[in-house]
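Worksheet: the structure to be examined is printed underneath.
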Amino acid sequence: MFTGIIETLGIIKEIQKEQGNLHITVASEITHELKIDQSVAHNGICLTVVKINHNEYTVTAIQETIDKTAIGSWQVNDFLNLERAMKLGDRLDGHIVQGHVDQTGTCTNITEANGSWVFTYEYDPALSNITIEKGSITVNGTSLTVVNSGLNTFSVAIIPYTYEHTNFHTYKIGTQVNLEFDVIGKYVARLTDLGK
């Protein structure tokens, strides 16, 4: 479990394909605190540390992860939002995040708004995921509040701190992101589907 509060950025140093798997090596300032078998969220994807070498560590993504997330578009030198799993007894500053990406979304608009930014995303409604106005959404692992919720679109407002300390400053129109919808929204969507 995660909170969606990004600890630090990592940078991709190497990507190796092996059959249906991707081995991704990341350099990060938290590498020295990691252990083999530890879970770390990378742009919202929960991946297990399989190797550590000085300030770099490696994680492996299986085919299902590649199919359901934006991981296949990652490139060497891309920045990743990183968060280690939460500890029992810690404050839950964001919201409950599982690190299991529901689907991807695409950035369709970025607007500067008096020192902050509003990012708008669209996603495929076929999977029955929904956002709720003022509810929570995880975009590339970052816990955010939904504004302008629509059928297959929503926006989030990004303050300067988040813009500078996550990889939001690298996003452009067309950037593909990982989305994890709020568990409450998932529950509402499921009830709606059952009521049809």
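Looking at Glu133, its side chain does come within 3.5 Å of a backbone N or O of Ser149 through a donor-acceptor pair. Not a single donor-acceptor pair under 3.5 Å links the side chain of Glu18 to the backbone N or O of His23. In terms of modelled atom types and a separation under 3.5 Å, the side chain of Glu122 and the main chain of Thr106 share no donor-acceptor contact. A distance-only check finds no donor-acceptor pair linking the side chain of Ser39 to the backbone of Thr48 [under 3.5 Å].
Taking all atoms of both residues into account, the shortest heavy-atom contact from Ile71 to Thr65 is CG2-O, 4.0 Å. For the residue pair Ser28 and Gly10, the shortest heavy atom distance occurs at CB-CA, 4.3 Å. Between Ala27 and Glu56, the shortest heavy-atom distance links the atoms CB-CG, 3.9 Å. Between Lys68 and Val101, the shortest heavy-atom contact is O-CG1, 3.9 Å. The two residues Val26 and His42 have their closest heavy-atom pair at CG2-CD2, 4.4 Å. Between Glu180 and His100, the closest heavy-atom pair is OE1-N, 3.3 Å.
Transitive grouping of hydrophobic side chains (ILVMFWY, heavy atoms separated by less than 4.5 Å) brings Leu34 and Ile45 into a common cluster. Under a hydrophobic-cluster definition in which Ile, Leu, Val, Met, Phe, Trp and Tyr are linked whenever side-chain heavy atoms come within less than 4.5 Å, directly or via other members, Val40 and Ile36 are assigned to the same cluster. Linking Ile, Leu, Val, Met, Phe, Trp and Tyr whenever their side-chain heavy atoms come within less than 4.5 Å puts Tyr171 and Leu179 in one cluster. Hydrophobic clustering keeps Ile158 apart from Phe79 (ILVMFWY residues linked when any side-chain heavy atoms are closer than 4.5 Å, directly or through intermediates). Hydrophobic cluster membership is shared by Leu47 and Ile30, with clusters built from Ile, Leu, Val, Met, Phe, Trp and Tyr side chains linked at under 4.5 angstrom.
In this structure, OG1 in Thr131 is found 9.0 Å from CG in Leu151, a value given to the nearest 0.5 Å. Distance check, rounded to the nearest 0.5 Å: CD1 of Ile15 to CG of Asp78 gives 7.0 Å. Atom-to-atom distance recorded for Ile5:CD1 and Thr166:OG1 is 11.0 Å, nearest 0.5 angstrom. Interatomic distance, CG of Asn43 versus CG of Leu9, reported as 9.0 Å (0.5 Å rounding). How far OG1 of Thr60 is from NZ of Lys51: 10.5 Å, rounded to the nearest 0.5 Å. For the atom pair CD1 of Ile137 and CD1 of Ile130, the computed distance is 10.5 Å after rounding to the nearest 0.5 Å.
Only one option out of Asn129, Asn178, Asp124 pairs with Gln103 in a side-chain hydrogen bond (donor to acceptor under 3.5 Å, both in side chains); it is Asn129. Looking at Asn167, Thr8, Asn140 one by one, the single match for side-chain hydrogen bond (donor to acceptor under 3.5 Å, both in side chains) with Asn81 turns out to be Asn167.
In this structure, a donor-acceptor pair under 3.5 Å is present between the side chains of Thr104 and Gln176. For Glu14 and Gln16, the side-chain atoms include at least one donor-acceptor pair closer than 3.5 Å.
The shortest side-chain heavy-atom distance between Leu22 and Trp74 does not fall under the 4.5 Å cut-off. With contacts defined as side-chain heavy-atom distances shorter than 4.5 Å, the pair Val139/Phe119 does not qualify. In this structure, Asn77 and Ile11 have side chains that are in contact, with non-hydrogen atoms separated by less than 4.5 Å. Between Glu112 and Trp117, the closest side-chain pair of non-hydrogen atoms falls below 4.5 Å. Looking at heavy atoms from C-beta onward, Ile6 lies out of side-chain contact with His165 at the 4.5 angstrom threshold. For the pair Ile110/Phe168, no side-chain contact is recorded, criterion being any heavy-atom separation below 4.5 Å from C-beta on. For the pair Phe154/Leu144, no side-chain contact is recorded, criterion being any heavy-atom separation below 4.5 Å from C-beta on. The shortest side-chain heavy-atom distance between Ile12 and Leu80 falls under the 4.5 Å cut-off.
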Review point. When you look at Ile132 and Asp182, which way does the side-chain contact (heavy atoms from CB on, under 4.5 Å) test go after all the steps?
Key: CA-CA 9 Å; Ile132 299 170; Asp182 186 26; 5.9 Å; no

Check your understanding: Run the side-chain contact (heavy atoms from CB on, under 4.5 Å) check on Ile52 and Thr31 step by step: do they pass?
Key -> CA-CA 8 Å; Ile52 298 172; Thr31 301; 4.0 Å; yes

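In the displayed structure, Tyr163 atom OH is contacted under 6.0 Å by more than 12 heavy atoms of other residues, nucleotides or ligands. Counting heavy-atom neighbours within 6.0 Å of Glu33 CD, excluding the residue itself, gives a total above 12. Other residues, nucleotides and ligands contribute only 12 or fewer heavy atoms inside 6.0 Å of the NZ atom of Lys35.
Taking the six-membered ring where tryptophan is involved, the planes of Phe181 and Tyr123 are perpendicular, since the angle between them exceeds 60° and thus also 30°.
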